[in-house]
Number of protein chains: 2
Amino acid sequence: MAAMKETITQVAIDLFFQKGYFATSISDIARGCGIQKASIYYHFASKEALLFTIMYSTMQDLLTCLDRYLARSTEVAERMRAAVRSHVSFHLERQKETFIASSELRGLSPDHLSILIEKRDAYERIFQELIHEGVAQGVYAAGEVKILSYAILTLCTAGAFWFRPDGRLSVDAVATIYENFVLNGLTAGQTRWSLAPAHLNQRPAL
Amino acid sequence: MAAMKETITQVAIDLFFQKGYFATSISDIARGCGIQKASIYYHFASKEALLFTIMYSTMQDLLTCLDRYLARSTEVAERMRAAVRSHVSFHLERQKETFIASSELRGLSPDHLSILIEKRDAYERIFQELIHEGVAQGVYAAGEVKILSYAILTLCTAGAFWFRPDGRLSVDAVATIYENFVLNGLTAGQTRWSLAPAHLNQRPAL
DNA sequence: ATCAACCTAACGACCGGTCGGTAATTTATC
DNA sequence: GATAAATTACCGACCGGTCGTTAGGTTGAT
């Protein structure tokens with residue numbers, strides 16, 4: 001039974017989350033597992049491979065989660081709502097892993113990086129498609145689809161940076177706040193295309 | 001004249017942005033400046049001190065920028081618009097530094113970290129105050145002020161992660177998109193409390 | 001006897017940082 | 001205005017330590 005492999009992964013997740021990938025040594029992880037650092041290499045080819053394993057499976061689960069949420073509706077506004085909820089709640093519920101996945105890309109080799117980027121792009125495309133649909137149906141104001149998708153995703157991803165699982169707000173509560181914020185942000189409302197008053201068009205010098 | 005100190009800072013900014021703080025060695029920076037690495041220590045006490053210098057002055061400038069923008073109006077919605085514009089445009093125009101400042105906090109010593117956290121909190125409080133005012137005046141829907149401020153700030157900060165200075169969109173264009181997104185997000189619109197079945201509804205505390 | 005799952009021991013590379021020294025320039029003293 | 005003293009801005013060599021990784025041996029269960 002390879003229970004130790006799972007232990008190593010969990011300890012690594014904890015330490016990468018706490019101290020960061022580069023600040024965490026193989027010895028640290030081994031100590032956390034109660035084994036010698038050389039033994040790590042029986043289960044993983046390298047430190048980077050361990051990081052990649054964590055990030056890849058997280059990304060995989062993120063996609064699966066989104067698919068499940070989206071299957072609940074066919075109406076575009078409802079699907080967007082579900083997508084945001086999926087994204088937010090996943091990031092809060094699996095905070096450590098999503099935090100690592102979105103902040104330790106630097107640690108990956110070029111090959112592994114491109115694999116992950118590809119998956120991330122596929123994920124983003126789903127959101128862009130939803131925005132596109134919404135605009136086509138007149139539910140949302142026309143706009144820069146990619147920029148808006150980045151806005152939505154980074155907004156919610158950032159939840160993993162400040163969320164406290166034992167804090168005042170539940171995952172559901174935060175998800176709801178974000179849902180409404182995003183949906184309102186997308187919906188056609190007062191939209192100004194430039195700073196109308198001329199005196200505001202000049203940026204303060206710095 | 002201490003022109004070299006400025007050169008070191010600029011090279012460090014470039015390298016920290018490209019490769020990250022931990023992946024950049026003092027030798028790398030020295031090579032980029034055309035000097036020996038020992039000479040770096042004539043200008044900076046340590047690698048960490050160099051990082052802190054960069055981050056601190058960036059934070060200082062960010063605050064100054066916001067103050068100048070805010071001084072132009074007294075009306076709350078207009079001030080929020082100006083604040084978002086300040087935040088976004090600063091992060092796009094000084095992309096490298098703001099990217100470093102928001103992604104390399106790990107590299108700081110506890111003392112330096114707390115100094116920066118303090119400054120960041122002061123910055124956030126300005127936004128929270130604006131939201132609070134807006135809610136009090138009925139311009140915005142009631143909501144979690146802190147969560148919303150995090151949402152706004154991280155949303156815009158993230159611009160520094162994907163923005164391409166030589167890309168299709170100008171700083172001003174992106175700032176306008178974000179402005180509208182945030183303002184719409186804050187403004188009272190359709191607000192639903194949860195997707196979950198009624199008996200599971202967890203209405204967030206107001 | 002095999003083999004998975006660990007161990008001990010060590011390797012080379014590289015890191016941030018320090019040391020003593022020095023040429024060039026500025027400042028103080030007469 | 002000549003000379004001594006001090007300061008600035010750098011260099012080359014080196015140190016202690018840590019890192020990820022590997023080689024090869026040991027153990028215990030099947």
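The sequence lines fix the lettering, A, B, ..., with proteins before strands; numbering per chain opens at 1.
- Residue B/Met4 contributes atom CE, which lies 7 Å from atom P of D/dC11 at whole-angstrom precision.
- Side-chain atoms of B/Ser46 lie closest to C/dG17 of the nucleotides C/dT8, D/dT21, C/dG17.
- Atom P of nucleotide D/dC14 and atom CD1 of B/Ile26 are separated by 21 Å, given to the nearest angstrom.
- Taking atom CD1 of residue B/Ile29 and atom P of nucleotide C/dG17, one finds them 10 Å apart after rounding to whole Å.
- Between B/Lys37 atom NZ and C/dT18 atom P there is a gap of 11 Å when expressed in whole angstrom units.
- Distance B/Ile8 CD1 to D/dC10 P: 7 Å, rounded to the nearest Å.
- Between A/Arg79 and A/Glu75 there is no salt bridge, since no side-chain N of the basic residue sits under 4.0 Å from a carboxylate O of the acidic one.
- One cannot find a donor-acceptor pair under 3.5 Å joining the base of C/dG17 and the side-chain atoms of B/Lys47.
- Dashed line: the shortest gap from a side-chain N or O of A/Ser39 to OP1 or OP2 of C/dA5 is not under 4.0 Å.
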Decide salt bridge (Lys or Arg N to Asp or Glu O under 4.0 Å) for A/Glu129 and A/Arg125; before the verdict, give the C-alpha distance in whole Å, the side-chain angles of both, and the deciding distance to 0.1 Å.
CA-CA 6 Å; A/Glu129 192 56 40; A/Arg125 249 178 268 120; over 6 Å; no
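- The CD1 atom of B/Ile40 sits 11 Å away from the C1' atom of D/dC10 (whole-angstrom rounding).
- Ring pair B/Phe127/B/His87 is perpendicular by interplanar angle, where above 60° counts as perpendicular and below 30° as parallel.
- In this structure, the CZ atom of A/Phe22 is 20 Å from the P atom of D/dT18, given to the nearest Å.
- For the pair B/Gln10 and B/Thr7, the minimum side-chain heavy-atom distance is 4.5 Å or more.
- Between B/Tyr41 atom OH and C/dG17 atom C1' the separation is 5 Å, expressed in whole Å.
- A salt bridge links A/Asp28 to A/Lys19: at least one charged side-chain nitrogen sits closer than 4.0 Å to a carboxylate oxygen.
- Mapping B/Tyr42 and A/Glu48 onto DNA chain D by nearest heavy atom places B/Tyr42 at the nucleotide closer to the 5' end.
- Note on B/His43: every side-chain N or O is 4.0 Å or more away from OP1 and OP2 of D/dT8.
- Here B/Ser25 lies in heavy-atom contact (under 4.0 Å) with sugar-phosphate atoms only.
- A sub-4.0 Å separation between OP1 or OP2 of C/dT8 and a side-chain N or O of A/Gln36 is present.
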